[in-house]
> 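One structure coming up, written as structure tokens, with questions to follow.
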Amino acid sequence: MIIDKLENISKYNIISQKVIDFLNTLTEETETGHYEIDENSYANIDVYETKSYENCKFEAHKKYIDIQMLLFGVEELDFMSIEGLSVSDEYDSKRDIIFFQNPDKLADRVILQSGKFAIIYPHEAHKPQMNINGLSHTVKKVVVKILV
């Protein structure tokens, strides 16, 4: 996983200029919905309430790299290698997602907030949408999907 500030996003060669331009145009006022960026990438923007640790699941993808960034709000995102994790919901190829049981081992974590992004690769499980210090927050998040 890569965690950085939006101002540094052009340093990562996996990210096309069209994706960089798209991310740099987003504001808190950008409409929710689905956005086609180019032939290899698209984005979804959603608003939701963060949830408790117990109500979130580790997930991973096989076909796409995620770039996750909040337009407003704050949330915790845990991450770890998929190696050794137990599957809770089998891979859904239409949605490109597999879910895992919460492991006994500790995960790494990051606090996502406006202006900061996370790049998540297919070999990494991630558990997004979590409360901070037990408190729920309203967030607006963009998730860009880049074809591997």
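Just so we're clear, the structure is a prediction, and the values are computed from it rather than from any experiment.
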> Should Phe58 and Tyr48 be regarded as members of a common hydrophobic cluster, given that ILVMFWY residues are connected when their side-chain heavy atoms come within less than 4.5 Å of each other, either directly or indirectly?
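Hydrophobic grouping puts Phe58 apart from Tyr48.
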
> Other than Leu106, what residues sit in its cluster of Ile, Leu, Val, Met, Phe, Trp and Tyr side chains whose heavy atoms are under 4.5 Å apart, directly or through others?
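Members besides Leu106: none; it forms no cluster.
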
> For a side chain to side chain contact (heavy atoms under 4.5 Å, CB included) check, start with the C-alpha distance between Ile119 and Tyr12, then their side-chain angles and the critical distance, and finish with the verdict.
CA-CA 10 Å; Ile119 301 174; Tyr12 302 96; 4.3 Å; yes

> Would you mind reporting whether Lys57 and Phe100 have side-chain heavy atoms less than 4.5 Å apart?
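Phe100 does not reach Lys57 side chain to side chain.
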
> Which residues satisfy the ring-ring contact (aromatic ring centres under 6.0 Å, His included) test with Phe72, sequence neighbours excluded?
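Here no residue qualifies.
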
> Same cluster or not: Leu6 versus Ile15, using hydrophobic residues (I, L, V, M, F, W, Y) connected whenever any side-chain heavy atoms lie under 4.5 Å apart?
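Same hydrophobic cluster.
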
> Measure from NZ or CZ of Lys127 to the centre of the six-membered ring of Tyr53, then state whether that distance is under 6.0 Å and the direction lies within 45° of the axis.
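Yes.
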
> Output yes when a side-chain donor or acceptor of Thr50 lies under 3.5 Å from a complementary backbone atom of His137, and no otherwise.
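At least one qualifying donor-acceptor pair exists.
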
> Measuring from Cys56:SG to Asn131:CG, what's the distance to the nearest 0.5 Å?
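Interatomic distance, Cys56 SG to Asn131 CG, rounded to 0.5 Å: 7.0 Å.
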
> Hey, does Asp66 have a side-chain heavy atom less than 4.5 Å from the side chain of Val144?
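No, their side chains stay 4.5 Å or more apart.
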
> Shortest non-hydrogen contact from Ala125 to Ala60?
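Taking Ala125 first and Ala60 second, the nearest heavy atoms are CA-CB, 4.3 Å.
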
> When rounded to the nearest 0.5 angstrom, what distance separates CG in Leu26 from CG in Leu70?
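Reported to 0.5 Å precision, the distance equals 12.0 Å.
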
> Taking Phe99's backbone N and O only, do any of them form a donor-acceptor pair with Asp89's side chain (distance below 3.5 Å, no angle check)?
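A pair under 3.5 Å: no.
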
> Tell me if the CD atom of Glu90 is crowded by more than 12 foreign heavy atoms within 6.0 Å.
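Atom CD in Glu90 is not packed in, count stays at 12 or less.
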
> Nearest 0.5 Å please: distance from the CD1 atom of Ile146 over to the CD1 atom of Ile37.
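That separation rounds to 7.5 Å.
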
> With a 4.5 Å limit on heavy-atom distance, are the side chains of Tyr35 and Phe22 in contact?
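Touching, per the 4.5 Å side-chain cut-off.
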
> Is it the case that one hydrophobic cluster holds both Leu112 and Ile120, taking links as side-chain heavy atoms less than 4.5 Å apart, direct or via other members?
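Same cluster: Leu112 reaches Ile120 through Ile, Leu, Val, Met, Phe, Trp or Tyr contacts under 4.5 Å.
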
> Does Gln129 reach the main-chain N or O of Lys51 with its side chain, forming a donor-acceptor pair under 3.5 Å?
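No.
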
> Does some side-chain heavy atom of Tyr121 sit less than 4.5 Å from a side-chain heavy atom of Ile2?
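With C-beta onward as the side chain, the pair touches.
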
> Do Ile97 and Ile45 sit in the same hydrophobic cluster, where Ile, Leu, Val, Met, Phe, Trp and Tyr count as joined when their side-chain heavy atoms come under 4.5 Å apart?
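Different clusters.
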
> Give, for atom CG of Leu135 and atom OG of Ser52, the distance between the pair rounded to the nearest 0.5 Å.
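It is 12.0 Å, given to the nearest 0.5 Å.
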
> Short question: side chain of Asn8, backbone of Asp4 - any donor-acceptor pair under 3.5 Å?
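Such a contact is absent between Asn8 side chain and Asp4 backbone.
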
> Is Leu71 close to Thr27 at the side-chain level, that is, under 4.5 Å between some pair of heavy atoms?
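The answer is no; the side chains never approach within 4.5 Å.
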
> Is a donor on one side and an acceptor on the other found under 3.5 Å between the side chain of Lys63 and the backbone of Ser93?
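A pair under 3.5 Å: yes.
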
> Tell me, do His61 and Lys145 make a side-chain contact under 4.5 Å, heavy atoms counted?
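In short, these two side chains touch, coming nearer than 4.5 Å.
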
> Side-chain donor-acceptor pairs under 3.5 Å in residues 76-87, sequence neighbours left out?
from	atom 1	to	atom 2	distance (Å)
Glu76	OE2	Arg109	NE	2.8
Glu76	OE2	Arg109	NH2	3.1
Asp78	OD1	Arg109	NE	3.2
Asp78	OD2	Arg109	NH2	3.2
Ser81	OG	Glu83	N	3.1

> Enter the distance from Ile132:CD1 to Ile111:CD1 here, rounded to the nearest 0.5 Å.
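Ile132 atom CD1 to Ile111 atom CD1 measures 3.5 Å (nearest 0.5 Å).
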
> Between Lys116 and Lys5, is a side chain to side chain contact (heavy atoms under 4.5 Å, CB included) present by the stated rule, with each step listed?
CA-CA 4 Å; Lys116 190 177 184 181; Lys5 296 177 188 175; 5.7 Å; no

> Kindly give the heavy-atom pair with the smallest separation between Ile65 and Pro122, and that separation in Å.
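For Ile65 and Pro122, the tightest heavy-atom pair comes out as CG1-CD, 4.0 Å.
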
> With a 4.5 Å cut-off on side-chain heavy atoms, are Ile67 and Leu23 touching?
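Yes, their side chains come closer than 4.5 Å.
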
> Give a yes or no on this: more than 12 heavy atoms of other residues, nucleotides or ligands lie within 6.0 Å of atom NZ of Lys105.
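Yes, enclosed.
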
> Looking at side-chain heavy atoms only, is the closest gap between Ile98 and Asp92 below 4.5 Å?
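With C-beta onward as the side chain, the pair stays apart.
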
> Any side-chain to backbone donor/acceptor pair from Ser16 onto Val19? Under 3.5 Å, distance only.
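Yes, because the side chain of Ser16 sits within donor-acceptor range (under 3.5 Å) of the backbone of Val19.
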
> For Tyr42 and Tyr64, take the angle between the two ring planes, folded into 0 to 90°, and tell me which bin it lands in: parallel under 30, tilted 30 to 60, perpendicular over 60.
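The rings of Tyr42 and Tyr64 stand perpendicular, inter-plane angle above 60°.
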
> So does Glu59 get a backbone contact from the side chain of His126, meaning a donor-acceptor N/O pair under 3.5 Å?
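Yes, because the side chain of His126 sits within donor-acceptor range (under 3.5 Å) of the backbone of Glu59.
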
> About how many Å separate NZ of Lys141 and OG1 of Thr32, when rounded to the nearest 0.5 Å?
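Rounded to the nearest 0.5 Å, the OG1-NZ separation comes to 15.0 Å.
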
> Output yes when a side-chain donor or acceptor of Asp38 lies under 3.5 Å from a complementary backbone atom of Asn40, and no otherwise.
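Indeed, once roles are kept as given, a pair shorter than 3.5 Å links the two residues.
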
> Search all heavy atoms of Ala43 against all heavy atoms of Val142 and return the closest pair with its distance.
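In this case the closest contact between Ala43 and Val142 is CB-CG2, 4.0 Å.
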
> Does Lys140 use its side chain to pair, donor to acceptor, with the backbone of Thr30 at less than 3.5 Å?
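Yes, because the side chain of Lys140 sits within donor-acceptor range (under 3.5 Å) of the backbone of Thr30.
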
